[in-house]
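A note on names: the letters A, B, ... follow the listed sequences, proteins ahead of strands, and every chain is numbered from 1. Hydrogens, waters and symmetry mates play no part in the numbers below; they use all other heavy atoms, side chains included.
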Amino acid sequence: MTKKEIAVNAVHALKKEYPDAICSLVYTDPLQLLIATRLAAQCTDARVNMVTSSLFDRFKTAQDFADSTPEEVAEYIKSCGLYKTKSKDIVEMARMLCDDFGGVVPDNIDDLTKLPGIGRKTANLVCGDIFGQPAVVVDTHCIRITKRLGLHDLKDQKKIEFALRELLPPDESNDFCHRLVLHGRAVCTARKAKCEECCMNGFCPKKI
DNA sequence: ATCCCGAGGG
DNA sequence: CCCTCTGGAT
């Protein structure tokens, strides 16, 4: 089976298994998704949702964050880990949003990745979920599962993103990535993948 | 001990 | 490419 055939099979199998490709991060506007995704680094989204609940109660706009300090933001997000860089990034990002983007979250990868702490994963997620653009969100689950499926044997996140872009239908890629996260948590887990109950067991080469 | 919807620097 | 940042859960 070619990589493209495996990719098409995977898209269909996951669509059937997870009909709604839900983002499990809780947010009500673009800025909240931007921040929640930044907080998700090396942290479960369940915990991210716990801290953003009170964080977004205290800070409503980019200006609110810009007027604060990394020290204050850190108090809210400490339990997410990596809190020094995250809190610094969030305040500096908010200040750049206010200074250079009118306090509005930009709608393209190039501008988003100019923001401190915003890399390709977060930028793609925002472009896909907020602005409805074709996006390939390469996170830890995406990297692991697509590798096991034999869709690539790469390590560099950006290379994986572009490799998958060649294999996935543009209008399917965003939902596909969301479903990889759901599948990565429930079945194709990092430690002991539950291949017996996997909907892709029939065609996955299991390159674990 | 190892992993969690990463990003930036060397 | 690699490493580091970090608390919490398993």
field: A/R185 bridged to A/D45 by N-O distance under 4.0 Å
entry: yes
task: Please state how far atom CE in A/M96 lies from atom P in B/dG8, giving the value in whole angstrom units.
output: 10 Å
- prompt: C1' atom, B/dA1 versus C/dT6: distance in rounded Å?
  reply: 16 Å
- request: Starting at atom NZ of A/K121, determine the distance to atom P of B/dG8, rounded to an integer number of angstrom.
  value: 13 Å
message: What's the closest nucleotide to the side chain of A/A41 if the choices are C/dG8, B/dC5, B/dG6?
response: B/dG6
- request: Among the candidates B/dC3, C/dC5, B/dC5, find the nucleotide nearest to the side-chain atoms of A/H141.
  value: B/dC5
message: Whole angstroms only, please: what is the CG-P distance between A/L115 and B/dG6?
response: 18 Å
task: For nucleotides B/dC3 and C/dC5, find the distance between their C1' atoms and express it as a whole number of Å.
output: 15 Å
- prompt: Salt bridge between A/E166 and A/K3, side-chain N to carboxylate O under 4.0 Å?
  reply: no
- request: Would you classify A/T122 as touching base, sugar-phosphate or nothing, given that sugar-phosphate means primed atoms plus P, OP1 and OP2, and contacts are heavy atoms under 4.0 Å?
  value: sugar-phosphate
statement: Closest of C/dC1, C/dT6, B/dC4 to the A/T44 side chain is B/dC4
message: Here's a test of your reading of the structure: between A/K159 and A/R191, which maps to the more 5' nucleotide of DNA chain C?
response: A/K159
- request: Name the nucleic acid region contacted by A/D156, choosing base, sugar-phosphate or nothing; use a 4.0 angstrom heavy-atom cut-off, strictly under.
  value: sugar-phosphate
task: Classify the nucleic acid contact of A/C177 as base, sugar-phosphate or nothing, counting any heavy atom under 4.0 Å across all strands shown.
output: nothing
- prompt: Is A/G119 touching bases, backbone alone, or none of the nucleic acid, heavy atoms closer than 4.0 Å?
  reply: sugar-phosphate
statement: Note: A/A186 and A/Y18 closest approach over all heavy atoms is CB-OH, 4.5 Å
task: Answer with base, sugar-phosphate or nothing: what part of the nucleic acid does A/R179 contact at a heavy-atom distance below 4.0 Å?
output: nothing
field: Under 4.0 angstrom between A/R185 side-chain N/O and B/dC5 OP1 or OP2
entry: yes
C1' atoms of B/dA7 and C/dA9, separation to the nearest Å: 23 Å
task: Measure from CD on A/Q42 to C1' on B/dA1 and round the result to the nearest Å.
output: 15 Å
- prompt: Atom NZ of A/K84 and atom P of B/dG6: how far apart are they, to the nearest Å?
  reply: 21 Å
Distance, P atom - from B/dT2 to C/dT4, rounded to whole angstrom: 15 Å
message: Rounding to an integer number of Å, can you tell me how far A/I77 CD1 sits from B/dG6 C1'?
response: 13 Å
task: Could you pick out which residue, A/G184 or A/R38, lies toward the 5' side of DNA chain B when each is mapped onto its nearest nucleotide?
output: A/G184
field: Any A/Q157 side-chain N or O less than 4.0 Å from OP1/OP2 of B/dA7
entry: yes
Heavy-atom donor-acceptor pair, A/K155 side-chain to C/dC1 base, under 3.5 Å: no
query: Within this structure, what is the CZ-to-C1' distance between A/R120 and B/dC5, rounded to whole angstrom?
result: 17 Å
- prompt: According to a strict under-4.0 Å criterion, is A/T140 in side-chain N/O contact with OP1 or OP2 of B/dC4?
  reply: yes
- prompt: Would you say C/dA9 has OP1 or OP2 under 4.0 Å from some side-chain N or O of A/R47?
  reply: yes
task: Using the side-chain contact (heavy atoms from CB on, under 4.5 Å) rule, pick out the option among A/V105, A/T122, A/L125 that qualifies with A/L112.
output: A/V105
task: Give a yes or no on whether the ring-centroid distance for A/Y27 and A/F56 is below 6.0 angstrom.
output: no
message: Pick the closest DNA chain B nucleotide for A/T113 and for A/V181 by heavy atoms, then say which residue is nearer the 5' end.
response: A/V181
task: Please determine if A/D89 and A/R38 form a salt bridge, counting it only when a charged side-chain N lies under 4.0 Å from a carboxylate O.
output: yes
- prompt: Is A/I118 touching bases, backbone alone, or none of the nucleic acid, heavy atoms closer than 4.0 Å?
  reply: sugar-phosphate
- prompt: Roughly, in whole Å, what's the span from CG in A/D45 to P in C/dA9?
  reply: 14 Å
- request: Might you point out which heavy atoms bring A/D107 and A/C127 nearest each other, and give the distance in Å?
  value: O-SG, 4.0 Å
task: Pick base, sugar-phosphate or nothing for A/K86, based on heavy-atom distances below 4.0 Å to the nucleic acid.
output: nothing
